[in-house]
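As structure tokens, the structure follows; a few thoughts come after it.
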Amino acid sequence: MGLLQKANDNKIPLEQIHYQKDSGVPLEKKKKLIENFIEKVKLLKQGYEYSLKLFEELSIVLDFTKGALLLLDSEINVFVPITYKNLDLTTSRHLRIKKNILLNQFKDYNKIINISDSKIKLFKQYFSIREFSALNSIIILPFYNTGILTAILLVVDPFTEIVKIFNDITSDTEKFILKLIESQKPFSKSTKFNSNFEIPEPQLVLQEYIDNNNIDGISFLVVKINFTLLENALIKLLPNSESYNINNNIIISITQLISTTGKLIKINYNNCLLFYKIKTGKTSGIILHQINLAISTFFNLSEPLPPIEAEIKTIPDNLAETAESILEGLV
């Protein structure tokens, strides 16, 4: 009760917030903000950074400091946050809104819902106790693609003219929402990788891989990959992105590269084992170059990324070791 009471004591009356935020913004300035928004969004490049930069431009033109941009995951029919601002970690992980809830239980898009309105209780489950207790109002702004609700912008404590400005920019929203969808497509399989999945026995996986690929002129590579430095760099470049999602997307980028010829298994949070085959005599380091290039292309960021850290063990085609002995010292 102490936390709830403290949060309630710190609340500002809704009308006072609106008065403070709506005062003294000339019409010409608002018009200029909208024009700048449209021009800047047109210039945004497609890629992992697109959602973050789009969200930042939305926060400027709509003048909010707390909220989240959620995109529909069509495989599970849930709107999931792709970027957020000033929400605590608990809220960012709870903020998964089922499509049928928005379609069947919620009809108040483009309307500010204050804390005294019973409809706001629908969203209580998506916030931490602290965040929900501190908010005064929310608004859900919808984005459509070919008439289908595809993304939503949830803003906490919006100012009163947000709907008018949002309506002024909606003529071009379908274009940038389509671009947002395309930017997120490479990462749509991230839900496949779950931190709770059962990790297979590396020895069994390696032995099976060797048995299925043991032909003349082929050498096997066992690569232990650590992407702690890479993940830390991505977290700095992509603020407000969950480290768990970044971690998964690193794995996806490598998996897409080696899926036809290699095998990747996760042995702990930041370490994987890659089993790969190359022609005998070929330089083993080429696979690291290919992996780093694949990761860089996958994330498509404007800043360079640090290379992955890796340890390579080469097993020649006159194999005389067991999988267990090969992996000794690696796992």
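Keep in mind it's a predicted model, so treat the numbers as computed, not measured.
Checked against side chain to side chain contact (heavy atoms under 4.5 Å, CB included), Ser253 has the following partners two or more places apart in sequence or in another chain: Ile295, Phe298. Considering only residues two or more places apart in sequence or on other chains, Asn77 meets the side chain to side chain contact (heavy atoms under 4.5 Å, CB included) condition with Lys99. Considering only residues two or more places apart in sequence or on other chains, Lys40 meets the side chain to side chain donor-acceptor pair (under 3.5 Å) condition with none of them. Judged as a side chain to side chain donor-acceptor pair (under 3.5 Å), and not counting sequence neighbours, the contacts of Ser325 are Thr322. With sequence neighbours excluded, the residues forming a side chain to side chain contact (heavy atoms under 4.5 Å, CB included) with Tyr144 are Tyr109, Pro142, Leu149, listed by chain and number. For Asn167, the side chain to side chain donor-acceptor pair (under 3.5 Å) criterion is met by no residue, not counting sequence neighbours. Gln203 is linked by a side chain to side chain contact (heavy atoms under 4.5 Å, CB included) to Glu201, Glu324, Leu327, Val331, counting only residues two or more places apart in sequence or in another chain. For Phe127, there are no ring pair (Phe, Tyr, Trp, His ring centres under 6.0 Å) partners at least two apart in sequence or on another chain. The side chain to side chain donor-acceptor pair (under 3.5 Å) search around Lys224 returns none, not counting sequence neighbours.
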Between Phe143 and Phe166, does a ring-ring contact (aromatic ring centres under 6.0 Å, His included) hold up when you go through it step by step? CA-CA 10 Å; Phe143 295 97; Phe166 181 72; 5.3 Å; yes
Using the side-chain contact (heavy atoms from CB on, under 4.5 Å) rule, take Leu69 and Leu180 through it: C-alpha gap first, then chi angles, then the decisive distance, then the call. CA-CA 11 Å; Leu69 180 63; Leu180 176 65; 4.1 Å; yes
Begin with the C-alpha distance, continue with both residues' side-chain angles, and end with the deciding distance and a verdict on ring-ring contact (aromatic ring centres under 6.0 Å, His included) for Phe123 and Phe132. CA-CA 9 Å; Phe123 297 94; Phe132 189 78; 9.1 Å; no
Pair Leu221, Phe275 - check side-chain contact (heavy atoms from CB on, under 4.5 Å), show working. CA-CA 6 Å; Leu221 301 179; Phe275 306 139; over 6 Å; no
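Under a 3.5 Å cut-off, the side chain of Asn104 and the backbone N or O of Asn100 do form a donor-acceptor pair. Counting only distance, with no hydrogens or angles, the side chain of Ser133 and the backbone of Ile129 share a donor-acceptor pair below 3.5 Å. At least one donor-acceptor pair under 3.5 Å links the side chain of Asn86 to the backbone N or O of Thr65. Formation of a donor-acceptor pair under 3.5 Å by the Thr280 side chain with backbone atoms of Gly217 is found in this model. Distance alone, capped at 3.5 Å, places no donor-acceptor pair between the Thr91 side chain and the Leu87 backbone. Checking side-chain atoms of Asn292 against main-chain N and O of Ile308 turns up a donor-acceptor pair under 3.5 Å. In terms of modelled atom types and a separation under 3.5 Å, the side chain of Lys121 and the main chain of Asp117 share no donor-acceptor contact. A donor-acceptor pair under 3.5 Å is formed between the side chain of Asp157 and the backbone N or O of Asn136.
Taking the centre of each ring, Phe159 and Phe64 stay at or above the 6.0 Å mark.
For residues 267-288, no pair satisfies salt bridge (Lys or Arg N to Asp or Glu O under 4.0 Å), with sequence neighbours left out. Residue pairs satisfying the salt bridge (Lys or Arg N to Asp or Glu O under 4.0 Å) criterion with at least one member in residues 283-292, sequence neighbours excluded, are absent.
For the residue pair Thr90 / Asp88, no side-chain donor-acceptor distance below 3.5 Å is found, with atom types taken as modelled. Between the side chains of Lys263 and Asn212, no donor N or O sits under 3.5 Å from an acceptor N or O.
A continuous path of ILVMFWY side-chain contacts below 4.5 Å connects Leu153 to Ile34, so both sit in one hydrophobic cluster.
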Solution key, residues 54-61 side-chain donor-acceptor pairs under 3.5 Å, sequence neighbours excluded:
| from | atom 1 | to | atom 2 | distance (Å) |
| --- | --- | --- | --- | --- |
| Ser59 | OG | Glu56 | O | 2.7 |
| Ser59 | OG | Lys85 | NZ | 3.3 |

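Shown here for Ser51 and Thr83, the closest heavy-atom pair between the two residues is O-CG2, 3.7 Å.
A salt bridge links Glu131 with Lys66: at least one charged nitrogen is closer than 4.0 Å to a carboxylate oxygen.
Counting heavy atoms from C-beta on, the side chains of Ile258 and Leu264 come closer than 4.5 Å.
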